[in-house]
Amino acid sequence: MLSKNFIHGEAEALWYDHWLKKGYFSSKPDNREAYTVVIPPPNVTGVLHMGHCLNNTIQDILVRRARMQGKNACWVPGTDHASIATEAKVVAMLRERGIAKSSISRDEFLKYAWEWKEKYGGIILQQLKKMGCGLDWDRTSFTMDPDYSRSVLQVFIDLYKKGYIYRGKRMINWDVRAKTALSDEEVIYKEVQSKLYHVQYKIDDDSNTYITIATVRPETILGDTAICVNPQDERYKHLHGKYAIVPLIGRRIPIIADDYVTMDFGTGALKVTPAHDMNDYQLGQKYKLEIVDTMNDDGTMSEAAQLFIGEDRLDVRKKIVPQLEAAGHLVKTEDYTNQVGFSERTDAVVEPRLSLQWWVSMKNISVPALEAVMNEGIHFHPAKFKNLYRHWMENIKDWCISRQLWWGHRIPAWYAPDGSFVVAISREEAFEQFKSDHVKVSIEEIRQDDDCLDTWFSSWLWPFEVFKGLSNPGNAAVKYYYPTSTLVTAPEIIFFWVARMIMAGYEYMDEKPFKDVYFTGIVRDKLGRKMSKSLGNSPDLLALIDQYGADAVRFGIMIASPAGNDILFDESALEQGRNFNNKIWNALKLVKMWEGRQAQATEDTAYNFVLTWFENRLNQVKAEVNELMTQFRLSEALKTLYSLIWDDFCSWYLEWVKPGFEQPIDAVVYEKTVQYFEELVQLLHPFMPFITEEIYHQLKERTDDLCVKQYSKPADADALVLSEGQLLKQVISALRDARNKNQVKPKDSIQLHIQTTNKAGYEAIENILAKQVNAASVQYTADAVANSIVVAVEKDRFFIESEKQIDADALKTELLKDLEYQQKFLESVAKKLGNERFVQNAKPEVVELERKKQADALARIKTIEESLQHL
RNA sequence: GGGAGCAUAGCUCAGCUGGUUUAGAGCAUCUGCCUUACAAGCAGAGGGUCCGCGGUUCGAACCCGUGUGCUCCCA
């Protein structure tokens with residue numbers, strides 16, 4: 001006895017375990033075509049959220065489908081080490097145990113970090129299993145695995161030798177909380193309500209003259225080393241070459257003139273703080289200005305600031321204003337909205353800071369990567385992201401890859417006491433290099449760079465290093481699986497990751513890392529807000545899976561998510577998924593009821609019609625789905641299957657073949673029904689793996705599994721058969737509508753009279769038609785039937801006789817409405833055909849089509865008019 | 001400031017190369033049904049200035065221009 005509804009929890013645990021045991025997800029190179037997907041490695045600190053859910057559902061769909069298409073599908077799981085995020089977690093863990101990071105050594109810290117990683121690092125991968133993701137768990141990778149780590153360092157050394165990596169003191173984005181440099185991509189700009197302070201600086205040689213600047217960061221005044229004006233600006237021409245005095249600290253700074261300054265912003269006079277502003281730094285270089293670094297690495301004011309030493313720069317911003325005012329320097333304050341950079345990982349306000357860091361020069365390495373995407377060596381879905389990619393690649397800046405952290409790949413640069421350095425894989429090799437460079441140093445004196453590499457500097461090797469493409473070059477796995485097939489990722493990491501993977505792929509494998517890139521949308525809440533921890537609007541995914549089932553969650557997230565479009569997540573979509581589960585489950589219950597009630601073949605030809613129709617419909621949809629999947633239109637494919645199963649199979653097919661209450665079913669019909677059902681769940685399997693596998697096994701006792709059942713090539717669908725099925729549906733709906741409108745109760749039977757030129761066609765399906773519209777009898781007539789409800793479908797007319805008194809007026813209104821519609825339609829067609837230029841210019845088949853439309857409309861109008869006469 | 005994208009039913013979205021489109025789904029709404037698979041359901045219905053304006057074309061939701069509004073990216 002089957003349960004009332006589909007019980008998802010049991011099926012999920014049972015089948016995932018079964019698939020694993022059977023080893024369906026583990027792949028070894030063979031002579032089949034490979035279909036390879038590498039997971040975008042989630043952050044090792046991560047837990048599953050809606051973004052992962054979408055992303056991994058898509059990957060699972062692609063991988064499962066490829067597997068069922070006979071490809072050797074391999075989906076590689078893993079995580080990245082997430083320097084900043086993990087280090088923050090470890091520091092927090094230590095704090096709870098009363099240990100300060102500063103009190104322990106680097107090695108001790110790393111021991112704790114590994115402890116943390118072993119304990120919490122795999123959570124997200126376990127959660128993916130709950131979603132049904134068919135990953136090859138034996139291949140689970142981590143960006144700090146020993147081989148992987150060595151490859152990362154090797155790449156650093158190699159790029160250094162090629163001259164792509166250099167060390168330089170430049171302005172960088174400084175995260176004061178994590179106390180590390182960030183790359184440009186790790187800074188998130190947000191609009192912030194600020195104040196614009198107008199501050200006047202006294203001119204040095206004339207006690208009565210001032211120059212007024214405007215700033216949102218008054219605390220940086222302490223680091224000012226110039227004031228800059230536009231050379232064209234008449235207001236300040238007399239001040240060129242003079243000096244001003246910095247308020248509160250009395251530093252004497254030059255007034256310089258440069259086109260960089262816009263005359264219409266603020267006062268037209270710009271204070272220049274080379275140590276704390278990107279643009280000011282450029283000016284500083286150009287005019288050889290003094291650089292006064294007023295900030296410590298934790299964001300507090302340094303000795304060089306002279307005032308507020310040791311206080312946080314944001315506090316100082318508030319404190320300095322009254323002092324400026326008291327000293328008579330504050331002219332006015334206005335409200336001002338500006339963009340402020342925040343750290344992606346710690347949300348701290350990022351400070352521009354001058355710092356010695358390691359950089360990758362991107363100019364040369366990016367060239368093949370840009371070309372590959374532009375000339376479709378790599379396909380982006382949707383293609384609109386090509387623009388974004390090109391724009392970034394053409395304006396690419398050097399990549400700051402050093403991070404002032406311990407957790408990660410320690411930079412293989414080694415320093416001698418005299419400050420000279422070499423890049424080498426080990427202390428010993430560094431020592432040898434120093435020797436050949438004639439640097440006098442003992443091996444003990446050599447000091448390794450304290451910093452780690454940006455996490456993305458390791459994950460850009462992911463598509464080949466998960467197959468040890470670099471640590472074990474040319475091995476069988478990398479030869480077989482690389483380049484991978486499809487990368488599924490979020491558009492927000494197109495630069496962080498996608499672009500750089502393509503660069504690394506060409507640089508180290510001499511080949512693209514993947515053929516297609518599918519960009520998912522961003523999952524937002526119902527109100528269109530991005531899901532975030534701080535808003536608390538991201539639902540607990542595991543709770544949702546518990547509540548609705550993994551299949552329903554997968555359905556809900558996929559049903560309205562075309563590639564690259566954001567999706568507004570709404571639980572009602574999950575409900576729809578759950579309802580779909582139940583619909584399928586109930587269809588199963590119905591079919592199982594017939595299993596023991598089979599009878600020898602009956603004479604009824606109606607069933608032949610139904611079986612042929614559904615078979616053709618199935619073939620039609622198979623072809624459609626193939627086409628949609630090739631175009632990566634996954635949600636369209638799912639919608640198509642949803643409608644095939646719910647509407648065509650459940651609402652029409654099953655109703656048509658359903659025997660009367662406790663009546664036997666034709667054995668052939670039963671066999672076919674089971675076969676169709678199997679094909680349906682097979683098509684749906686990649687989207688909803690659990691329920692489909694369950695149904696597959698419920699339908700019949702069997703030893704194989706749906707998970708690896710191979711798709712067969714669809715046969716061509718017969719258009720005539722499809723249109724006959726379509727007509728039958730149309731007739732049934734029209735008759736039901738007529739019954740409804742005339743308030744004939746569902747239980748009241750009717751007598752149906754058909755006026756048609758295709759009597760044989762209707763006779764073949766008479767039983768079905770009668771059952772579907774609750775007709776006690778079906779007769780054929782040459783003339784109109786008096787005192788009946790008239791329904792016209794195409795060229796045929798139907799007369800409904802019933803006990804119910806006919807509302808002739810209502811009927812007439814209906815017919816007139818239809819008549820008007822048809823006449824307007826005819827008019828629009830006639831207008832086209834009456835236009836000589838249309839007939840001349842349009843394609844012949846288009847004209848032919850319009851002629852057919854005209855003829856059909858005329859026929860329908862005739863039918864309706866005749867019906868009206870008989871009322 | 002520079003660039004990109006989007007605007008279609010109450011909501012979320014399809015609509016591919018301009019012609020079976022006086023525009024389709026799903027959800028929501030309304031009407032009638034507890035019809036022996038399913039009320040988490042069945043049967044049916046209503047609902048549209050395809051953002052405004054102009055142009056190209058025999059023909060425009062679709063192409064071009066322009067305006068408006070929203071979103072994103074870069075600085």
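Within every chain, numbering begins at 1; the chains are lettered A, B, ... in the order of the sequence lines, protein sequences first and strands thereafter.
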At under 4.0 Å between heavy atoms, what does A:Ser733 touch on the DNA or RNA strands: base, sugar-phosphate, or nothing?
sugar-phosphate

Tell me whether A:Glu836 at atom CD has more than 12 heavy atoms from other residues, nucleotides or ligands lying less than 6.0 Å away.
no

Report which part of the nucleic acid A:Leu849 touches: base, sugar-phosphate, or nothing (heavy-atom distance under 4.0 Å, all strands).
base

When all nucleic acid strands are considered with a 4.0 Å heavy-atom cut-off, which category describes A:Trp594: base, sugar-phosphate, or nothing?
nothing

Apply ring-ring contact (aromatic ring centres under 6.0 Å, His included) to A:Phe385 and A:Phe380, showing your working.
CA-CA 7 Å; A:Phe385 287 109; A:Phe380 279 10; 7.6 Å; no

Within the structure shown, what part of the strands sits under 4.0 Å from A:Glu655 by heavy-atom distance: base, sugar-phosphate, or nothing?
base

Stem ranges for RNA chain B, with three or more consecutive Watson-Crick or G-U pairs under 3.5 Å?
B:1-7 with B:68-74, B:10-13 with B:24-27, B:29-33 with B:41-45, B:51-55 with B:63-67

Indicate, with yes or no, if the rings of A:Tyr670 and A:Trp594 have centres closer together than 6.0 Å.
no

Indicate, with a heavy-atom threshold strictly under 4.0 Å, whether A:Phe580 touches base, sugar-phosphate, or nothing.
nothing

Does a side-chain N or O of A:Asn579 approach OP1 or OP2 of B:G41 to a distance below 4.0 Å, or not?
yes

Neighbours of RNA chain B within residues 390-400 of chain A, by heavy-atom distance under 4.0 Å
A:Lys397

Are A:Met362 and A:Lys397 side-chain neighbours, meaning at least one heavy-atom pair lies under 4.5 Å?
no

A:Phe687 and A:Arg554: which non-hydrogen atoms are nearest, and at how many Å?
O-NE, 2.9 Å

Using the P atom as the point on both nucleotides, what is the distance between B:A40 and B:U35, in whole Å?
14 Å

CG-CD distance between A:Leu182 and A:Glu351, expressed to the nearest 0.5 angstrom
11.5 Å

By the 4.0 Å heavy-atom rule, please label A:Lys852 as base, sugar-phosphate, or nothing.
base

Just checking A:Asp737: base, sugar-phosphate only, or nothing, at a heavy-atom cut-off of under 4.0 Å?
sugar-phosphate

In terms of ring plane angle, is the pair A:Phe649 and A:Tyr653 parallel, tilted or perpendicular, where the classes change at 30° and 60°?
parallel

Could you list, one pair per line, each protein nitrogen or oxygen that sits under 3.5 Å from a nitrogen or oxygen of nucleotides 11-14 of chain B, together with the distance?
residue : atom : partner  : partner atom : Å
B:A14   : OP1  : A:Asn565 : ND2          : 2.8
B:A14   : O2'  : A:Glu636 : OE1          : 3.0
B:A14   : O2'  : A:Glu636 : OE2          : 2.7

Answer yes or no: is there a donor N or O on one side and an acceptor on the other, between the side chain of A:Asp647 and the main chain of A:Trp652, under 3.5 Å?
no

According to the interplanar angle, ranging from 0 to 90°, do the rings of A:Tyr676 and A:Phe614 count as parallel (below 30°), tilted (30 to 60°) or perpendicular (above 60°)?
tilted

Sugar-phosphate, base or nothing in reach of A:Arg578, heavy atoms under 4.0 Å:
base

What nucleic acid atoms does A:Ser643 come within less than 4.0 Å of, heavy atoms only: base, sugar-phosphate, or nothing?
nothing

Which part of the nucleic acid, if any, lies within contact of A:Asn841, taking any heavy atom under 4.0 Å across all strands shown: a base, the sugar-phosphate backbone alone, or nothing?
base

